[in-house]
There are 2 protein chains.
Amino acid sequence: MERNTRQRVAIRSALERAERPLTPREVLERAQGEADSIGIATVYRALQRFEEQGLIIPVHIPGDPARYEIAGKGHHHHFRCRLCGRVFEVAGCSGNLERLAPPGFKVESHEILLVGLCAKCR
Amino acid sequence: MERNTRQRVAIRSALERAERPLTPREVLERAQGEADSIGIATVYRALQRFEEQGLIIPVHIPGDPARYEIAGKGHHHHFRCRLCGRVFEVAGCSGNLERLAPPGFKVESHEILLVGLCAKCR
DNA sequence: GTCGTTGCAAAGCGTTTGCAGCCTA
DNA sequence: TAGGCTGCAAACGCTTTGCAACGAC
């Protein structure tokens, strides 16, 4: 049976307060803010379990380690600034991606990553 | 000045003959077929240089190591079958992705990954 | 008290780098 | 012959795992 330890509470809370997807290391740093002496291995194990439970969503950015964000934000995609490396959420979706697939293929989901300059770096 | 060694010829040739994006390890295995005793480090160094030269394009699939394909195929994206794991090319693009970005952001490029079932696995 | 969870350290794995020798131009 | 290129092995960074101690229920 699943247990509610102070580490998991801190990790989950860090993700809930995050304004953008976090890497495991970032999760660790933020979680340590409210419950110190958490190990990185614990973060990885908690992230795995949260993902299995559908509590968080993995966000993959080419070249970077995986990031995670709280699920239930609705359908959206991401924008990475090529100068500062930050990742932002972008609402909405171009839609109609099914027609891109070859005949006979079934599209179940998709990921879109925009790359460019954020307002600050521009 | 750039040199044409037998290793680079083999690596490049492997990519040119590939019917899909290859991982560095796959490149190594195919290149060894025509010029043995190539080291994995050489493959990585050649891929880096080829990418800088715009000769090849990196393809990032969440969870997998980077793959590379010959450039010059025109703008396209990729489809991964969630059952067999194969990666296919899909031509075209939904276009008009710039409007998704927040005001003040500049979109320079994008990547789209479709996930679903290929014709065979369906 | 049970047994899921944790921290640490070691192991894994893909990728990069230092270096001495090799080989293309 | 010069200096870019190579193979090897060590180093690296991120992630996973083994294990004994811990602590939620």
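Protein chains get the first letters and strands the later ones, always in sequence-line order, with residue 1 at the start of each. All heavy atoms count here, side chains included; hydrogens, waters and symmetry mates do not.
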- prompt: Between B/Arg3 and B/Ser37, which has a closest nucleotide on DNA chain D that is more 5'?
  reply: B/Arg3

Quickly work out the [X] [atom1] to [N] [atom2] distance and round it to whole Å.
| X | N | atom1 | atom2 | result |
| --- | --- | --- | --- | --- |
| A/Leu28 | C/dT6 | CG | C1' | 13 Å |
| A/Leu47 | C/dT6 | CG | C1' | 15 Å |
| B/Arg67 | C/dG14 | CZ | P | 12 Å |
| B/Glu52 | D/dC5 | CD | P | 11 Å |
| B/Ile40 | C/dC13 | CD1 | P | 15 Å |
| B/Arg6 | C/dT24 | CZ | P | 9 Å |
| B/Asn4 | C/dC22 | CG | P | 22 Å |
| B/Asp64 | C/dG14 | CG | P | 11 Å |

Would you tell me if any nitrogen or oxygen in the side chain of [X] comes within less than 4.0 Å of OP1 or OP2 on [N]?
| X | N | answer |
| --- | --- | --- |
| B/Arg49 | D/dC5 | yes |
| B/Thr5 | C/dC23 | no |
| B/Gln7 | D/dG7 | yes |
| B/Arg25 | C/dG14 | no |
| B/Arg45 | C/dT16 | no |
| A/Gln48 | D/dT16 | yes |

task: Using heavy atoms to find the nearest nucleotide of DNA chain C for A/Val43 and B/Ala41 separately, return the residue whose nucleotide is more 5′.
output: A/Val43

- request: Take the angle between the ring planes of A/Phe105 and B/Phe88 and call it parallel below 30°, perpendicular above 60°, tilted in between.
  value: perpendicular

query: Would you call the rings of B/His110 and B/His77 parallel, tilted or perpendicular, where under 30° means parallel and over 60° means perpendicular?
result: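 Plane angle between 30° and 60°, so tilted.
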
message: Does B/Arg25 have more than 12 heavy atoms from other residues, nucleotides or ligands lying within 6.0 Å of its CZ?
response: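 No, CZ of B/Arg25 has 12 or fewer neighbouring heavy atoms, counting only those of other groups under 6.0 Å.
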
- prompt: Where is the tightest heavy-atom contact between B/Arg67 and B/Asp64, given as atom of each residue plus distance?
  reply: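 Smallest heavy-atom distance, with atoms named: NH2-OD2, 2.6 Å.
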
- prompt: Of the options B/Glu111, B/Glu69, B/Arg20, B/Glu89, which is the one that meets B/His78 in a side-chain hydrogen bond (donor to acceptor under 3.5 Å, both in side chains)?
  reply: B/Glu69

